[in-house]
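To keep things clear, I will list the structure first and then write my remarks on it.
In this text the structure is predicted, and so the values were computed from the model without any measurement. Side chains are part of it too, since the values below use all heavy atoms of this structure and drop only hydrogens, waters and symmetry mates. Residue numbering restarts at 1 for every chain, and letters A, B, ... go by the order of the sequence lines.
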Amino acid sequence: DTAVSQTPKYLVTQMGNDKSIKCEQNLGHDTMYWYKQDSKKFLKIMFSYNNKELIINETVPNRFSPKSPDKAHLNLHINSLELGDSAVYFCASSQRGGGSGNTIYFGEGSWLTVV
Amino acid sequence: SQQGEEDPQALSIQEGENATMNCSYKTSINNLQWYRQNSGRGLVHLILIRSNEREKHSGRLRVTLDTSKKSSSLLITASRAADTASYFCATGSNNDMRFGAGTRLTVKP
């Protein structure tokens with residue numbers, strides 16, 4: 001069973017479109033994250049949620065809107081896609097916070113290409 | 001703001017050699033974690049070291065932590081071709097875990 005699953009794995013879309021990436025974790029964790037990995041492999045935190053409550057919103061454009069319907073799901077909706085949004089987006093989860101010494105479990109990533 | 005910064009950016013060694021990667025961070029930490037990312041995959045947790053620990057071992061991995069210098073190192077001994085991957089350190093507080101750009105390790109057979 002996949003612990004953190006995200007869909008789709010690959011997404012090619014045109015500028016200006018709106019797209020969503022879904023994420024689900026079956027680990028019973030309280031905390032979920034979205035990270036963005038750029039072409040230089042730098043992994044940047046975008047959002048973190050704890051029990052459906054937004055904890056971290058790291059100066060991400062308003063075009064990015066996370067939604068957590070329950071603590072097992074954290075979806076990412078992106079409006080008006082731009083070329084610079086092309087990246088790999090990783091969903092992750094941990095039991096409480098990783099900063100408390102808890103392991104962060106990552107999904108396999110969603111490769112977004114904006115053309 | 002970025003928390004962990006790995007050094008070097010890239011490292012290429014022969015199978016059987018040891019690989020050392022370094023991580024520097026800026027603020028006080030409770031713990032520091034190392035992760036591995038195979039090409040095209042998600043990150044996988046390797047080892048955690050707490051701020052009151054100086055060294056930790058797990059199989060062929062050895063991690064050190066120097067809180068006075070705000071730095072950590074990851075040593076992989078007797079490397080194998082299968083160790084080829086990117087290695088990241090992560091630090092942060094509670095729900096705010098931050099990574100750097102990683103060290104890209106290539107182990108040549």
Side-chain angles (χ1 to χ4, degrees), chain A residues 2-6 9-10 23 25 27 29-59 66 68 71 74 87-111, chain B residues 1-11 21 23 25-53 56 58 63 65 72 84-106:
Chain A
T2 304
V4 181
S5 59
Q6 51 183 113
K9 187 171 178 68
Y10 299 102
C23 178
Q25 54 94 3
L27 298 166
H29 288 165
D30 294 327
T31 303
M32 295 188 72
Y33 312 81
W34 276 109
Y35 285 89
K36 177 181 179 180
Q37 187 171 44
D38 61 25
S39 58
K40 296 183 178 179
K41 304 299 182 186
F42 179 56
L43 195 65
K44 181 178 178 180
I45 190 168
M46 300 174 69
F47 303 102
S48 74
Y49 270 71
N50 183 266
N51 277 322
K52 302 195 301 175
E53 180 183 348
L54 178 65
I55 303 297
I56 297 290
N57 180 342
E58 188 63 13
T59 56
S68 183
K71 74 174 192 176
L74 180 60
V88 185
Y89 292 85
F90 286 97
C91 178
S93 74
S94 65
Q95 184 59 23
R96 293 183 286 278
S100 302
N102 297 295
T103 297
I104 301 176
Y105 293 82
F106 283 81
E108 290 296 284
S110 294
W111 269 252
Chain B
S1 61
Q2 179 184 343
Q3 183 69 301
E5 293 186 24
E6 297 87 353
D7 171 65
Q9 290 186 341
L11 181 59
M21 289 157 271
C23 169
Y25 57 92
K26 295 175 182 170
T27 61
S28 298
I29 60 170
N30 293 323
N31 65 81
L32 184 144
Q33 303 183 30
W34 284 91
Y35 287 77
R36 166 189 169 133
Q37 183 182 31
N38 287 350
S39 180
R41 307 296 299 274
L43 279 73
V44 175
H45 182 260
L46 290 176
I47 194 167
L48 175 150
I49 187 165
R50 299 193 184 277
S51 59
N52 61 353
E53 298 175 310
K56 201 160 182 183
S58 176
V63 170
L65 179 64
S72 172
T84 293
S86 292
Y87 293 82
F88 294 81
C89 65
T91 62
S93 59
N94 211 19
N95 302 301
D96 186 5
M97 285 299 285
R98 309 220 170 200
F99 297 75
T103 291
R104 173 69 189 168
L105 174 65
T106 302

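Looking at A:Lys44, neither its backbone nor its side chain comes within 4.5 Å of chain B, counting heavy atoms on both sides. Of the atoms belonging to A:Lys40, it is backbone heavy atoms, and not side-chain ones, that fall under 4.5 Å from chain B. Using a 4.5 Å cut-off between heavy atoms, A:Gln6 does not touch chain B at all. Contacts between B:Gln37 and chain A at a heavy-atom distance below 4.5 Å involve the side chain alone, from C-beta outward. For B:Arg50, the part lying under 4.5 angstrom from a heavy atom of chain A is the side chain only.
To the nearest 0.5 angstrom, B:Arg98 atom CZ is 3.5 Å from A:Glu58 atom CD. Rounding to the nearest 0.5 Å places CG of B:Asp96 at 13.0 Å from CZ of A:Phe47. Taken from CG in A:Asn102 to CG in B:Asn31, the straight-line distance is 8.5 Å, to the nearest 0.5 Å. We find the CZ-NZ distance between B:Phe99 and A:Lys41 to be 15.0 Å, quoted to the nearest 0.5 Å.
Counted within 6.0 Å of CD on A:Glu53, heavy atoms from surrounding residues, nucleotides or ligands total 12 or fewer; the atom is thus considered open.
With chain B as the partner, the residue from A:Phe106, A:Trp111, A:Tyr35 showing the most heavy-atom pairs under 4.5 Å is A:Phe106.
Residues passing the ring-ring contact (aromatic ring centres under 6.0 Å, His included) test with A:Tyr89: none are found, sequence neighbours excluded.
Taking the side chain as every heavy atom from C-beta outward, A:Leu43 and B:Leu43 approach each other to under 4.5 Å.
When ring centroids are compared, B:Tyr35 and A:Tyr105 stay outside the 6.0 Å threshold.
Between A:Ile45 and B:Met97, the shortest heavy-atom distance links the atoms CD1-O, 3.9 Å.
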Where do B:Arg41 and A:Glu108 land on the side-chain contact (heavy atoms from CB on, under 4.5 Å) test, with the steps shown first?
CA-CA 5 Å; B:Arg41 307 296 299 274; A:Glu108 290 296 284; 2.2 Å; yes
